[in-house]
Amino acid sequence: MNQSPWSRDEFEQRLRDKGRLYHIHHPYHVMMNTGKANKEQIQGWVANRFYYQTSIPIKDAAILANCNERDVRREWVQRILDHDGFEGEDGGIEAWLRLAEAVGLSRESVESHQGVLPGVRFACDAYVNFARRATWQEAACSSLTELFAPEIHQNRLDNWPEHYPWIDNEGYSYFRKRLSEARRDVEHGLQITLDHFKTREQQEYALSILQFKLNILWTILDAMQMAYVHQQAPFHSCPE
């Protein structure tokens, strides 16, 4: 028997309730945000997370390629510009490279992706491949972890300067920039999701898509936890 769809407000609340599984609650993030991470662990996070940052505009380009609605494309393209930059605006990827320099990494080493853990690479690539193969509405729905992003950016701005005075303040420009961008982006993605997923079956599928994205973010940190906390980097148990 088909169940009645949730009201628009209830559906939105169920999407927002997924925030309890956001990676802000992962032990690695808790460690960083409470000042318990060492320099290597901060650097490992910055270097690996850069691979995710560079995957985001590729994901957004896939959404544009699959979208047949001009008005949506005109608004969604701003996300690519936010990350890649344009004349007069460096963009989020450049801001992340400044964060890398602020924590003592060279931009050349970070841009090379040589230190990216296999688990991080696999999770990010899975996200990009999902966006390529899903409908544009489904891929837009997967972006809704942005509902929870302003809190995590604000926590870093509030806590990191005190906990990690060795990090150059210039490195925090990415987080300051994303506070407003994430709030703007989430309104657009949320409206697309609420408008498109109408039946209960569709609404439940939307929740599963959001859970998939939460899984991606959690898995990225699992890989870092193993490598930089438990000192069990990939293939650590294999013979030389």
Do F197 and L15 have side chains that approach each other closer than 4.5 Å (heavy atoms only, starting at C-beta)?
no
Identify, with sequence neighbours excluded, every residue that meets side chain to side chain contact (heavy atoms under 4.5 Å, CB included) alongside Q43.
K39, V103, L105
Validation row: E146, R79 side chains within 4.5 angstrom (heavy atoms)
yes
For a quick test of reading the model, state the closest non-hydrogen atom pair linking N66 to A131 and the distance between them.
ND2-O, 3.3 Å
For the atom pair OH (Y174) and CH2 (W96), what is the distance rounded to the nearest 0.5 Å?
6.0 Å
Can a salt bridge be assigned to the pair D185 and R178 using a cut-off of 4.0 Å between side-chain N and carboxylate O?
yes
In sequence, state the C-alpha distance, the side-chain angles, and the governing distance for Y228 and Y28, and then conclude on side-chain contact (heavy atoms from CB on, under 4.5 Å).
CA-CA 9 Å; Y228 306 126; Y28 204 95; 3.5 Å; yes
Rounded at 0.5 Å granularity, tell me how far SG in C124 sits from CD1 in I216.
7.5 Å
Mind checking whether L190 and E12 have side chains closer than 4.5 Å, heavy atoms only?
yes
In terms of hydrophobic clustering (I, L, V, M, F, W, Y; side-chain heavy atoms under 4.5 Å; direct or indirect links), are Y52 and V186 co-clustered?
yes
Grab the two heavy atoms, one from A123 and one from I220, that are nearest each other, plus how far apart they are.
CB-CG1, 3.9 Å
Is there a side-chain contact (heavy atoms from CB on, under 4.5 Å) between F148 and K18? Walk through the geometry before answering.
CA-CA 9 Å; F148 324 119; K18 284 287 188 179; 4.1 Å; yes
Hydrophobic cluster membership, with links at side-chain heavy-atom distances under 4.5 Å among I/L/V/M/F/W/Y: are V128 and V116 in one?
no
Between L97 and I80, is there a shared hydrophobic cluster once you connect ILVMFWY residues whose side-chain heavy atoms come closer than 4.5 Å?
no
Nearest 0.5 angstrom please: N155 CG to E151 CD, how far?
5.5 Å
Just wondering, more than 12 heavy atoms not from Q114 lying within 6.0 Å of its CD?
no
Hydrophobic cluster membership, with links at side-chain heavy-atom distances under 4.5 Å among I/L/V/M/F/W/Y: are V120 and W218 in one?
no
In the structure I gave you, are the side-chain heavy atoms of H29 and R156 within less than 4.5 Å of one another anywhere?
yes
Just by distance, with hydrogens left out, do Y51 and D125 show a side-chain donor and acceptor under 3.5 Å apart?
yes
For Q13 and E10: C-alpha separation, side-chain torsions, deciding distance, then whether side-chain contact (heavy atoms from CB on, under 4.5 Å) applies.
CA-CA 5 Å; Q13 188 58 54; E10 184 177 3; 5.5 Å; no
Pairwise distance OG1(T193) to CG(L210) - rounded to 0.5 angstrom
8.5 Å
Under a 4.5 Å side-chain heavy-atom rule over Ile, Leu, Val, Met, Phe, Trp and Tyr, are L157 and L99 clustered together?
yes
How about E138 and Y205: do any of their side-chain heavy atoms sit closer than 4.5 Å?
yes
Heavy-atom nearest pair, P234 first then P118, reads CG-CD, 3.4 Å
With a 4.5 Å heavy-atom cut-off, do V46 and E101 have their side chains touching?
no
Y164 side chain to M32 main-chain N or O, any donor-acceptor pair under 3.5 Å?
yes
So, Q191 side chain and H188 main chain: donor-acceptor pair closer than 3.5 Å or not?
no
Report all side-chain donor-acceptor pairs from residues 69-78 shorter than 3.5 Å, counting only partners two or more places apart or in another chain.
residue: R73; atom: NH1; partner: C67; partner atom: O; Å: 3.1
residue: W76; atom: NE1; partner: D60; partner atom: OD1; Å: 2.9
residue: Q78; atom: NE2; partner: D82; partner atom: OD1; Å: 2.9

Evaluation steps, side-chain contact (heavy atoms from CB on, under 4.5 Å), between L221 and R49:
CA-CA 9 Å; L221 290 177; R49 179 78 180 190; over 6 Å; no
Side chain Q202, main chain T199, donor-acceptor under 3.5 Å:
yes
Can you find a pair of side-chain heavy atoms, one from F50 and one from I93, that are under 4.5 Å apart?
yes
Can you give me the closest heavy-atom contact between A206 and F11, atom names plus distance?
CB-CZ, 3.7 Å
Looking at Y22, is its backbone amide N or carbonyl O close enough to the side chain of H25 to form a donor-acceptor pair, meaning the two atoms are under 3.5 Å apart?
no
For P27 and Q225, which heavy atoms make the closest approach, and how far apart are they?
CB-NE2, 4.0 Å
For E204 and R14: C-alpha separation, side-chain torsions, deciding distance, then whether salt bridge (charged side-chain N to carboxylate O under 4.0 Å, His left out) applies.
CA-CA 10 Å; E204 290 178 346; R14 287 178 180 269; over 6 Å; no
First locate atom NE2 of H83, then atom CD1 of I56, and finally report the distance between them rounded to the nearest 0.5 Å.
5.5 Å
Tell me, do I152 and H23 make a side-chain contact under 4.5 Å, heavy atoms counted?
yes
Would you check if there is a donor-acceptor pair between the side chains of Q211 and N215 at a distance under 3.5 Å?
yes
What's the separation between atom CG in L217 and atom OH in Y127, rounded to the nearest 0.5 Å?
8.0 Å
W160 vs F175 aromatic rings, parallel, tilted or perpendicular, using cut-offs 30° and 60°?
perpendicular
Closest heavy-atom pair and its distance - R132, I58:
NH2-CG2, 3.7 Å
Taking atom CZ as the centre, does F235 end up with more than 12 heavy-atom neighbours from other residues, nucleotides or ligands that are less than 6.0 angstrom away?
no
Atom CD of residue position E201 - does it have more than 12 heavy atoms of other residues, nucleotides or ligands inside 6.0 Å?
no
Does a side chain donor of either N33 or H163 reach within less than 3.5 Å of an acceptor in the other side chain?
no
